[in-house]
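Sequential numbering from 1 along the given sequence is applied to the chain's residues.
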Amino acid sequence: PEGGVAIASVSGNLRFAGQPGSSTRTVSDPPLLGLEAGRDGLFVLGAAGLSRVDAADGEERWSRSAVTRLACSSPALVAVEGQGLRWLSAEGEPRALVPLALGPQRAIACLDDGSLVLPDESGVLLRVDASGVRGRVQLPPGRLLSLDPARGGLVIATYRDGRVLALRPPR
């Protein structure tokens, strides 16, 4: 967020390039599984769960041990936690929980309104917000690899067989 580059290692070390006097800090128990920049800090996913690290000083501000994946850091902070999607406050406090069976590789796209789109086990694309499932639409058949939001309210779906489709998310 401050314009530098965060460089992470699988061993849990983090270094900020482009900041004078930056030193390497350990921010996670190994293995470090993911690093994402948010509006006001970095989100680090490691063996011990999710933590928010201040980009200016590298200090941890909060952590949640039950998180297995960060779904979205903006505009809403949403994590995969336990048996569903957990909306979190900026301070890491739990807000809403929407129970859904989610694996670590499930494609998820975060939309500008704070909702998410993701497929269920039966090939239906769900639109989910903090109040629950808002809409459903049948996906074209095939093994879905990724979902990415695009301009104009579309979601780009990439399939294992090489197809790339622009889809309107369910309302």
Side-chain angles (χ1 to χ4, degrees), residues 1 6-14 25-137 139 143-150 155-158 167 169-171:
I7 303 164
S9 71
V10 72
S11 63
N13 294 323
L14 184 65
R25 293 181 164 84
T26 300
V27 293
S28 169
D29 291 335
L32 189 135
L33 304 169
L35 176 68
E36 188 169 330
R39 288 186 199 149
D40 59 351
L42 299 171
F43 296 99
V44 178
L45 182 63
L50 179 70
S51 60
R52 184 204 167 271
V53 175
D54 188 51
D57 61 13
E59 296 298 319
E60 181 181 286
R61 296 297 178 226
W62 55 260
S63 66
R64 293 192 58 84
S65 60
V67 173
T68 57
R69 179 177 172 194
L70 182 61
C72 301
S73 63
S74 177
L77 180 57
V78 185
V80 176
E81 183 177 90
Q83 295 299 313
L85 292 169
R86 169 75 72 187
W87 273 254
L88 300 169
S89 72
E91 295 77 32
E93 296 298 319
R95 297 276 168 98
L97 174 67
V98 175
L100 288 170
L102 296 167
Q105 302 302 318
R106 179 79 49 102
I108 298 174
C110 305
L111 303 179
D112 289 340
D113 67 357
S115 66
L116 294 83
V117 291
L118 61 139
D120 70 6
E121 297 84 19
S122 66
V124 171
L125 187 65
L126 306 174
R127 185 171 195 153
V128 181
D129 66 14
S131 63
V133 176
R134 287 182 20 196
R136 294 175 161 85
V137 66
L139 280 167
R143 185 164 176 199
L144 185 66
L145 292 178
S146 67
L147 291 169
D148 296 291
V155 174
I156 305 301
T158 306
L167 307 172
R171 298 197 183 267

**OP:** Compare all side-chain heavy atoms of Leu88 with those of Trp62 and state whether any distance is below 4.5 angstrom.
**Re:** yes

Subject >> Considering all heavy atoms, the nearest Leu70-Val78 contact >> reply: CD1-O, 3.5 Å

Subject >> side-chain hydrogen bond (donor to acceptor under 3.5 Å, both in side chains) involving Ser63 - partner list, sequence neighbours excluded >> reply: none

**OP:** Report the residues that fulfil side-chain hydrogen bond (donor to acceptor under 3.5 Å, both in side chains) with Asp148, sequence neighbours left out, ordered by chain and then residue number.
**Re:** none

Original post:
Hey, are the side chains of Leu85 and Val80 touching, using non-hydrogen atoms and a 4.5 Å cut-off?
Top reply: yes

Original post:
Is any side-chain heavy atom of Val133 closer than 4.5 Å to a side-chain heavy atom of Pro170?
Top reply: no

Original post:
What residues form a salt bridge (Lys or Arg N to Asp or Glu O under 4.0 Å) with Arg61, not counting sequence neighbours?
Top reply: Asp54, Asp57

Original post:
Should the heavy atoms of other residues, nucleotides or ligands under 6.0 Å from CD of Glu36 be counted, would the total exceed 12?
Top reply: yes

**OP:** Can you spot which of Leu116, Val137, Val155 makes a side chain to side chain contact (heavy atoms under 4.5 Å, CB included) with Pro169?
**Re:** Val155

**OP:** Hey, could you give me each pair passing disulfide bond (SG atoms under 2.5 Å apart) that has a residue in residues 76-120? Not counting sequence neighbours.
**Re:** Cys72-Cys110

Subject >> salt bridge (Lys or Arg N to Asp or Glu O under 4.0 Å) partners of Asp113, counting only residues at least two apart >> reply: Arg127, Arg134

**OP:** Provide the full list of salt bridge (Lys or Arg N to Asp or Glu O under 4.0 Å) pairs with a residue in residues 64-74, sequence neighbours left out, each pair given once.
**Re:** Arg64-Glu81

